[in-house]
Participant: 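Attaching a single structure in structure tokens format; questions to follow.
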Number of protein chains: 2
Amino acid sequence: MAKIKTPDQTSKREIIHAIAAELFREKGFRATSMRELAAKVGIEAASLYNHIEGKNELLISICFKVANNFTQKMNEVESMDSDIISKIEALIRYHVYENVYNYKDVYVSDREWRNMEDPELSKYREMRRSYRKRFTSIVEKGISRGEIKKIDANTAVMIFLNAIAAVDQWQRIVNKVSSEELENNMVTILIDGLRK
Amino acid sequence: MAKIKTPDQTSKREIIHAIAAELFREKGFRATSMRELAAKVGIEAASLYNHIEGKNELLISICFKVANNFTQKMNEVESMDSDIISKIEALIRYHVYENVYNYKDVYVSDREWRNMEDPELSKYREMRRSYRKRFTSIVEKGISRGEIKKIDANTAVMIFLNAIAAVDQWQRIVNKVSSEELENNMVTILIDGLRK
DNA sequence: CCTACCGATCGGTAGG
DNA sequence: CCTACCGATCGGTAGG
């Protein structure tokens with residue numbers, strides 16, 4: 001039997017998770033206290049535990065939400081019937097999109113996941129490893145098909161994943177150029193390079 | 001770090017700083033306790049304070065050592081008498097070099113600097129901002145000279161700085177390809193792109 | 001470089 | 001959702 005929640009409980013839990021993501025991003029998981037989180041929610045620290053299991057659960061929830069999103073996108077891209085460059089472009093655009101519209105969760109999952117403990121830590125590590133491996137396979141296929149230069153596929157994927165990782169800087173740039181413009185710049189620079 | 005110490009040469013203070021960088025990188029600044037650091041040094045926690053001022057001093061020292069290195073390199077590159085692409089290439093190669101041979105300090109300065117407090121925090125932020133600005137100016141000059149495509153210079157610099165930022169992944173790659181090979185891959189991908 | 005110990009703060013619980 | 005409070009752990013100090 002599924003847990004029955006009143007609309008109020010569900011909503012408060014979501015509020016707590018959202019504010020937690022904000023604080024974890026700003027100060028880091030370890031540096032954020034449950035008392036601080038409670039204050040920002042507008043209740044006492046003890047009251048948080050009527051809505052959530054604990055501090056660790058908050059981090060776990062954020063990290064796996066993001067990991068599942070990217071895994072699902074990779075499934076889609078792998079089954080795309082298109083050339084390799086288009087697949088890589090689709091992945092780049094998705095990373096940009098997630099970093100713009102879901103940047104708190106993405107940032108926390110990328111920088112704070114080390115604070116999880118087993119078994120979640122191992123599972124998360126495995127998901128990251130798998131995503132990177134599947135991305136690398138796509139690049140390698142592009143090389144063997146002659147669509148892509150003969151570069152080291154691991155290095156290329158590392159550059160891509162890092163280049164698009166969440167940073168504070170992002171929001172400033174998005175305020176100047178649109179998300180679409182940002183995606184286009186990314187694709188141009190990463191796929192066609194800087195040189196004119 | 002060797003367990004048997006060669007007489008002096010490396011001061012206790014330097015040993016503590018090196019082990020601190022290692023721990024801050026592995027577990028994060030907040031998650032590293034002075035007791036843990038002391039244990040790895042081989043003394044009691046209280047004894048650390050005969051050699052260092054406190055936990056904050058360790059982080060400050062690491063962050064500014066790295067920041068000063070990059071600032072000095074930027075001074076050199078700006079005064080280079082060469083085309084813009086060569087300047088950007090020199091910066092990329094330096095980032096790769098620092099990330100390979102000084103990766104603990106670079107990683108900590110890049111991911112843990114938020115744990116500093118004013119006035120150091122503000123000073124460090126300003127150094128980062130300045131470095132990024134000078135890098136952007138170089139790219140903009142390249143665009144106006146026609147050496148570089150008309151892309152958004154801020155986005156390009158963000159990609160470059162992130163692409164080359166320290167990650168665990170790095171060491172694995174360096175074990176497979178040489179540092180020079182890694183530099184060459186980086187330069188190729190970032191300057192000339194992926195497409196054949 | 002140690003033993004002994006401090007005040008502060010942490011995540012979380014009991015009980016209403 | 002609150003007050004009251006727990007044991008654990010933190011960075012750091014006193015004094016030898």
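Computed from a predicted model, the values in this text were never measured in an experiment. Per chain, numbering begins at 1; letters A, B, ... match sequence-line order.
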Participant: For A/E112, give me all partners under salt bridge (Lys or Arg N to Asp or Glu O under 4.0 Å), at least two apart in sequence or on another chain.
Facilitator: none
Participant: Using a cut-off of 4.0 Å between protein heavy atoms and nucleotide atoms, how would you tag nucleotides 10-16 of chain D 5' to 3' with B, S and -?
Facilitator: BBBB---
Participant: Could you pull out all residues at least two apart from A/Y49 that satisfy ring pair (Phe, Tyr, Trp, His ring centres under 6.0 Å)?
Facilitator: none
Participant: How many whole angstroms separate atom CD1 of A/I15 from atom C1' of D/dC1?
Facilitator: 15 Å
Participant: In chain order, what residues pass the salt bridge (Lys or Arg N to Asp or Glu O under 4.0 Å) check against B/R128, with sequence neighbours excluded?
Facilitator: B/D110
Participant: List for me each residue that meets side-chain contact (heavy atoms from CB on, under 4.5 Å) alongside A/E98, sequence neighbours excluded, and say none if there are none.
Facilitator: A/N69, A/F70, A/Y94, A/N102, A/V106
Participant: Output all residues satisfying side-chain contact (heavy atoms from CB on, under 4.5 Å) with A/S137, sequence neighbours left out; order by chain, then residue number.
Facilitator: none
Participant: For DNA chain C, what string of dots and brackets results from 5' to 3' when Watson-Crick and G-U pairs need both distances under 3.5 Å, crossing pairs get [ ], and pairs with another strand get |?
Facilitator: ||||||||||||||||
Participant: Kindly say whether B/R132 contributes a backbone atom to a donor-acceptor pair with the side chain of B/T136 at under 3.5 angstrom?
Facilitator: yes
Participant: Using the side-chain contact (heavy atoms from CB on, under 4.5 Å) criterion, which residues pair with A/A45? Sequence neighbours excluded.
Facilitator: A/R35, A/A38
Participant: Under the ring-ring contact (aromatic ring centres under 6.0 Å, His included) rule, what pairs show up with a residue in residues 10-40 of chain B, not counting sequence neighbours?
Facilitator: B/F24-B/F29
